[in-house]
Amino acid sequence: MSGILIVEDEHKISRLLQIELEAEGYEVSQAYNGAQAWDMYREGSWDLILLDVMLPEMSGIEILRRIRANDPATMVILLTAKDSVEDKVSGLDLGANDYVTKPFQIEELLARIRAALRLREQQQSSAMEDGEWLSAGGLRLNEGTHQVERDGQPIELTPREFELLAYLLRNQRQVLNREQILAAVWGYDYYGDTNVVDVYIRYVRKKVDQGYERELIHTVRGVGYVLRDHA
Ligand code: CA
C-alpha cells in the first residue's frame, strides 16, 4: 500500500484521480490548495505527491521548492499546463521526479506513478542494504557500513572493538559475563584468558564514554558488563 497525496484544486480532476488510484490499490489523500497541501505534506508520510502547478494560495513550484529543501526522497510528479515549458523546466530543476501535462491520459499517468514508486522502492531497499543502526542514548552503530557515532560525532574503532560494541548494543540492558562476551566476540576457539575482555572494554569505553556526562557501558561487579542508557 502506497500513500499518495493528490494536490489539485479542480475538484473534478481530483475526484477522477482519486477513483483511478484507489482502483489501483493506492491509499489516497487530497489537498485542494497550496496551503493545505503544505500542511498535509508536513503532517503525513507520503510515498508520492501528485502536484498540480497552478494552485491557489501557494504554487506547486513553491511547494516543491519547500519539500526539496530537506526531503530528497518523496516522489513528486508535477501536473503542468501543456504550454508551460517554464514550469516543466523549473520543476525538474527543483527536483521533481517527473511531470505529466494536462490534459493527461490516465493510463500514462498511472504508468509514471508506477515507475516513480518502483524507483522509490529501490532507493529504500538500497538504504536498507546500507545497514541498520543499533542505538542507545546518543550512541549509534551501523553494522552494514561500520559507522559509529555518539551525539553525531564519529568514533573510530578497530574491528575487534567494533564487534565488541555491536555485541553489547545488540544485547543492551542485559548483563553479560566475560565468558559470554569472549565466545561471541572472539569465538570459542580463542584460548586466551578472559582478561582480554576487560582490556577491550577499557579501550571501547575510552572511545565511547570518555568525556561524556552519561556513561553507557557499566561494570556489574562480580558478573560482567552491561550497556544501557540509564545507570
Ligand atoms: Ca490548478
Side-chain angles (χ1 to χ4, degrees), residues 1-133 135 140 142 144-145 147 152:
M1 208 59 139
S2 302
I4 298 179
L5 177 61
I6 299 169
V7 184
E8 168 60 79
D9 57 312
E10 286 165 72
H11 284 249
K12 253 175 83 176
I13 297 178
S14 181
R15 176 80 182 130
L16 168 78
L17 289 170
Q18 180 204 359
I19 290 167
E20 293 285 349
L21 292 175
E22 284 180 352
E24 295 293 320
Y26 299 114
E27 203 172 281
V28 169
S29 300
Q30 288 149 290
Y32 299 96
N33 64 58
Q36 187 192 11
W38 179 240
D39 286 343
M40 288 181 75
Y41 164 75
R42 284 187 305 172
E43 285 158 19
S45 154
W46 312 99
D47 291 321
L48 186 143
I49 300 175
L50 271 183
L51 184 58
D52 185 29
V53 171
M54 298 289 286
L55 288 170
E57 295 189 40
M58 196 193 303
S59 80
I61 296 292
E62 177 55 25
I63 293 168
L64 175 63
R65 190 195 316 276
R66 291 187 182 196
I67 290 172
R68 283 295 181 254
N70 48 29
D71 172 7
T74 303
M75 291 289 150
V76 178
I77 297 179
L78 292 178
L79 302 175
T80 67
K82 198 175 181 182
D83 49 3
S84 181
V85 177
E86 205 178 304
D87 284 346
K88 291 170 198 166
V89 171
S90 54
L92 292 173
D93 280 345
L94 283 170
N97 299 91
D98 205 348
Y99 65 82
V100 172
T101 53
K102 290 178 169 181
F104 50 82
Q105 295 294 318
I106 191 70
E107 287 308 325
E108 185 193 351
L109 179 59
L110 290 174
R112 285 171 188 262
I113 289 171
R114 284 194 296 273
L117 290 175
R118 257 198 315 274
L119 182 64
R120 178 169 166 81
E121 215 166 276
Q122 282 164 9
Q123 287 170 352
Q124 282 176 332
S125 64
S126 70
M128 289 278 280
E129 279 164 23
D130 286 344
E132 301 268 0
W133 290 91
S135 65
R140 278 161 34 100
N142 188 308
T145 61
Q147 286 165 282

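Ligands are counted one by one from 1 in listed order, and the atoms in each one are counted from 1 as well. These figures come from a predicted structure and were not determined experimentally.
- Side chain to side chain, R15 and Q18 meet the donor-acceptor criterion of an N or O pair below 3.5 Å.
- The nearest N, O or S atom of E10 is not closer to the Ca ion (ligand 1) than 3.0 Å.
- Within the 3.0 Å limit, E8 places no N, O or S atom next to the Ca ion (ligand 1).
- Looking only at side-chain heavy atoms (C-beta outward), F104 and I13 come within less than 4.5 Å of each other.
- Nearest N/O/S atom of D52 relative to the Ca ion (ligand 1): this is OD2.
- A donor-acceptor contact closer than 3.5 angstrom links the side chains of Y41 and D71.
- Y99 OH to R112 CZ: the interatomic distance, rounded to the nearest 0.5 Å, is 7.5 Å.
- For D9, the N/O/S atom at the shortest distance from the Ca ion (ligand 1) is named OD1.
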